[in-house]
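Reminder, nothing fancy here: chain letters follow the sequence lines and each chain counts from 1.
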2 protein chains.
Amino acid sequence: MSKIQVAIAEDQAMVLGALAALLETEPDIAVCARATNGRAALAALGRHKPHVLVTDIEMPEMTGLTLAAEARERCPEVRVIILTTFARPGYLRRALDAGAKGYLLKDRPSAELADAVRRVHRGQRVIDPELAAEAWASEPDPLTERERQILWRAGEGRSTGDIAAELCLSEGTVRNYLSEAISKLGAANRIEAARLARAKGWL
Amino acid sequence: MSKIQVAIAEDQAMVLGALAALLETEPDIAVCARATNGRAALAALGRHKPHVLVTDIEMPEMTGLTLAAEARERCPEVRVIILTTFARPGYLRRALDAGAKGYLLKDRPSAELADAVRRVHRGQRVIDPELAAEAWASEPDPLTERERQILWRAGEGRSTGDIAAELCLSEGTVRNYLSEAISKLGAANRIEAARLARAKGWL
DNA sequence: GAGCCCGGGTGACAGATGTCATCCGCCTGT
DNA sequence: ACAGGCGGATGACATCTGTCACCCGGGCTC
């Protein structure tokens with residue numbers, strides 16, 4: 001019996017090593033590659049051709065979501081499982097759009113990981129059930145690309161003028177977009193709007 | 001040879017399980033207790049009397065820092081290692097004040113964990129070297145308690161008026177504190193100030 | 001008791017933010 | 001050819017923020 005070959009991408013080295021140790025305790029699973037950022041993971045996919053890729057979302061260089069999308073392009077036979085802290089409907093939706101086969105939360109019991117790897121390897125989908133329900137019920141991202149760009153920067157503490165300069169827009173326009181975003185999100189000001197958007201995974 | 005008994009506290013069950021798997025691969029270490037929140041961890045210390053406690057900082061019920069302090073009170077023979085994402089001088093300082101013997105970052109290679117456990121068990125201290133240097137160089141928290149309260153709320157997106165009402169202060173006073181905090185932190189506005197303070201672990 | 005620091009408050013002012021109505025090009029579908 | 005939409009801009013206005021100078025009352029200490 002040949003083992004299921006798994007690649008892992010996770011930016012916190014300690015967690016990466018720990019996840020690898022966890023999977024290595026399974027007799028039918030082998031970890032063939034590890035990466036601490038998205039770009040490295042993508043390179044590793046080409047070299048090792050694993051059956052399954054387990055990846056975090058928030059990573060330097062390349063996010064797990066874009067990694068999933070790239071992987072589908074270049075190595076369509078690799079099945080991707082997103083493993084993340086964030087129970088954000090927006091992330092799940094984007095993950096599925098990017099062709100991910102699994103979406104698992106880091107606060108699930110550790111036994112579920114190996115299970116998910118096996119299931120996905122068999123061709124099944126594995127989606128965190130609570131999150132799936134929530135995502136179905138929840139409204140889709142109401143923000144336009146511009147609003148996202150601007151709200152993001154506003155959330156970092158940059159001023160209207162700064163943002164306008166950076167995006168080559170007029171100051172008034174930036175305020176308009178911000179105003180629009182604030183009202184779409186039902187917030188009282190840019191700060192709260194940014195927080196809400198982040199919490200939903202829209203940012 | 002009897003193994004080093006380790007307890008682990010970490011709120012993300014998946015990571016908890018993975019860390020346990022990682023430590024279990026070491027022949028001289030055994031994981032005798034696991035907890036996904038601070039209170040449960042404290043209870044486990046009483047029951048299992050481990051040699052070493054490895055704990056995250058940000059957890060529900062009780063933070064790893066207060067857990068460390070409580071542990072020193074009730075089970076002074078247990079050596080505590082803080083294992084966290086956050087390279088914040090403020091956290092390190094508070095951890096050491098609380099009697100922690102180790103402070104390790106989650107983005108260090110996973111091999112360092114077992115190493116740290118052994119060292120701390122032998123009675124040594126293990127502090128992330130870069131962080132230690134930074135903490136020594138870095139100025140101590142410049143914020144007063146009031147400023148902290150107010151800046152925290154401002155960072156959540158609450159308005160000056162809101163905050164004043166909540167803390168039973170006048171609106172002008174809140175603005176004064178905020179202004180003071182902003183200038184202490186060298187920020188351009190309350191949002192940036194809150195971000196900076198958070199990054200330093202002062203908030 | 002005089003002087004002084006500290007938490008808190010006031011008032012005034014400039015500048016940043018949030019809201020609206022309106023306008024202008026530029027596509028796009030019919 | 002024309003009506004819409006859409007991204008972007010403008011101007012005006014009200015409100016919120018950030019800053020500053022100064023005031024008050026209670027504890028200190030000398």
Side-chain angles (χ1 to χ4, degrees), chain A residues 66 90 93-94 97 138-203, chain B residues 90 93-94 97 139-203:
Chain A
T66 35
R93 196 173 293 237
R94 282 200 259 161
D97 287 349
S138 82
E139 72 280 51
D141 186 344
L143 299 175
T144 69
E145 193 47 38
R146 266 298 191 221
E147 286 162 359
R148 211 189 320 287
Q149 286 175 8
I150 291 177
L151 192 52
W152 160 272
R153 285 165 175 79
E156 299 285 288
R158 300 226 265 282
S159 75
T160 314
D162 269 16
I163 299 174
E166 194 184 335
L167 300 182
C168 300
L169 291 175
S170 99
E171 201 161 324
T173 304
V174 170
R175 277 189 285 142
N176 283 341
Y177 281 119
L178 235 16
S179 178
E180 185 60 21
I182 290 167
S183 91
K184 275 182 183 174
L185 296 172
N189 54 49
R190 55 178 73 193
I191 316 175
E192 200 187 338
R195 283 210 328 126
L196 289 173
R198 259 196 276 268
K200 296 272 196 173
W202 293 335
L203 210 111
Chain B
R93 195 173 294 239
R94 282 198 258 161
D97 287 348
E139 75 280 51
D141 186 345
L143 299 174
T144 69
E145 193 47 37
R146 267 296 190 222
E147 286 161 0
R148 211 188 320 286
Q149 288 176 7
I150 291 175
L151 192 53
W152 160 272
R153 287 165 175 78
E156 298 285 289
R158 301 227 265 282
S159 74
T160 313
D162 270 15
I163 300 174
E166 194 184 335
L167 300 181
C168 299
L169 292 174
S170 99
E171 202 161 323
T173 303
V174 170
R175 290 215 305 274
N176 284 341
Y177 280 118
L178 236 14
S179 178
E180 185 60 21
I182 289 168
S183 92
K184 276 183 181 173
L185 296 173
N189 55 49
R190 56 179 71 193
I191 316 177
E192 202 187 337
R195 283 208 329 126
L196 289 173
R198 261 196 276 269
K200 297 271 197 175
W202 293 334
L203 210 99

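At whole-Å resolution of the value, CZ in A/Arg153 and P in C/dA16 are 20 Å apart. Whole-Å rounding puts the B/Leu178 CG to D/dC16 C1' distance at 12 Å. We find that CD of B/Glu145 is positioned 11 Å from P of C/dG8, with the value rounded to whole Å. Atom CD in B/Glu192 sits about 14 Å away from atom P in C/dA16, given to the nearest Å. Taking atom CD1 on A/Ile163 and atom P on C/dG18, their separation rounds to 10 Å, with Å as the unit. Taking atom CZ of residue B/Arg175 and atom C1' of nucleotide D/dA21, one finds them 14 Å apart after rounding to whole Å. Going from atom NZ of A/Lys184 over to atom P of C/dT19 covers 14 Å, rounded to whole Å. Across the protein-nucleic acid pair, B/Glu171 atom CD and D/dC16 atom P stand 7 Å apart, rounded to whole Å.
A/Lys200 places none of its side-chain heavy atoms less than 4.5 Å from the side chain of A/Leu185. For the pair B/Leu151/B/Ile182, no side-chain contact is recorded, criterion being any heavy-atom separation below 4.5 Å from C-beta on.
Here the rule is side-chain hydrogen bond (donor to acceptor under 3.5 Å, both in side chains) with A/Thr160, and of A/Arg175, A/Arg153, A/Arg190 only A/Arg190 fits it.
With C/dG18, D/dT19, D/dA9 as the choices, the nucleotide that has an atom nearest any side-chain atom of A/Arg190 turns out to be C/dG18. Checked against C/dT17, C/dT19, C/dG7, the side chain of B/Tyr177 finds its nearest nucleotide in C/dG7. Taking only side-chain atoms of B/Ser159, from C-beta outward, the nucleotide of D/dG8, D/dT17, C/dT17 with the closest atom is D/dT17. With distances taken from any side-chain atom of A/Thr173 to the nucleotides D/dA9, C/dG18, D/dG18, the minimum falls on D/dA9. The side chain of A/Asn176 has C/dA21 as its nearest neighbour among C/dA21, D/dT19, D/dT17. Which of D/dG18, D/dG8, C/dT19 sits closest to the side chain of A/Ile182 comes down to C/dT19.
The residue among A/Ser179 and B/Arg146 whose nearest nucleotide of DNA chain C lies closer to the 5′ end is B/Arg146.
When heavy atoms are screened at a 4.0 angstrom cut-off, A/Thr144 is found touching no nucleic acid atom at all.
Between B/Arg148 and B/Glu145 a salt bridge is recorded (basic side-chain N to carboxylate O distance below 4.0 Å).
The phosphate of C/dA16 has neither OP1 nor OP2 within less than 4.0 Å of any side-chain N or O from A/Thr160.
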Could you go through A/Glu166 and A/Arg158, starting from their C-alpha distance and side-chain angles, then the distance that decides it, and tell me whether this counts as salt bridge (Lys or Arg N to Asp or Glu O under 4.0 Å)? CA-CA 10 Å; A/Glu166 194 184 335; A/Arg158 300 226 265 282; 3.2 Å; yes
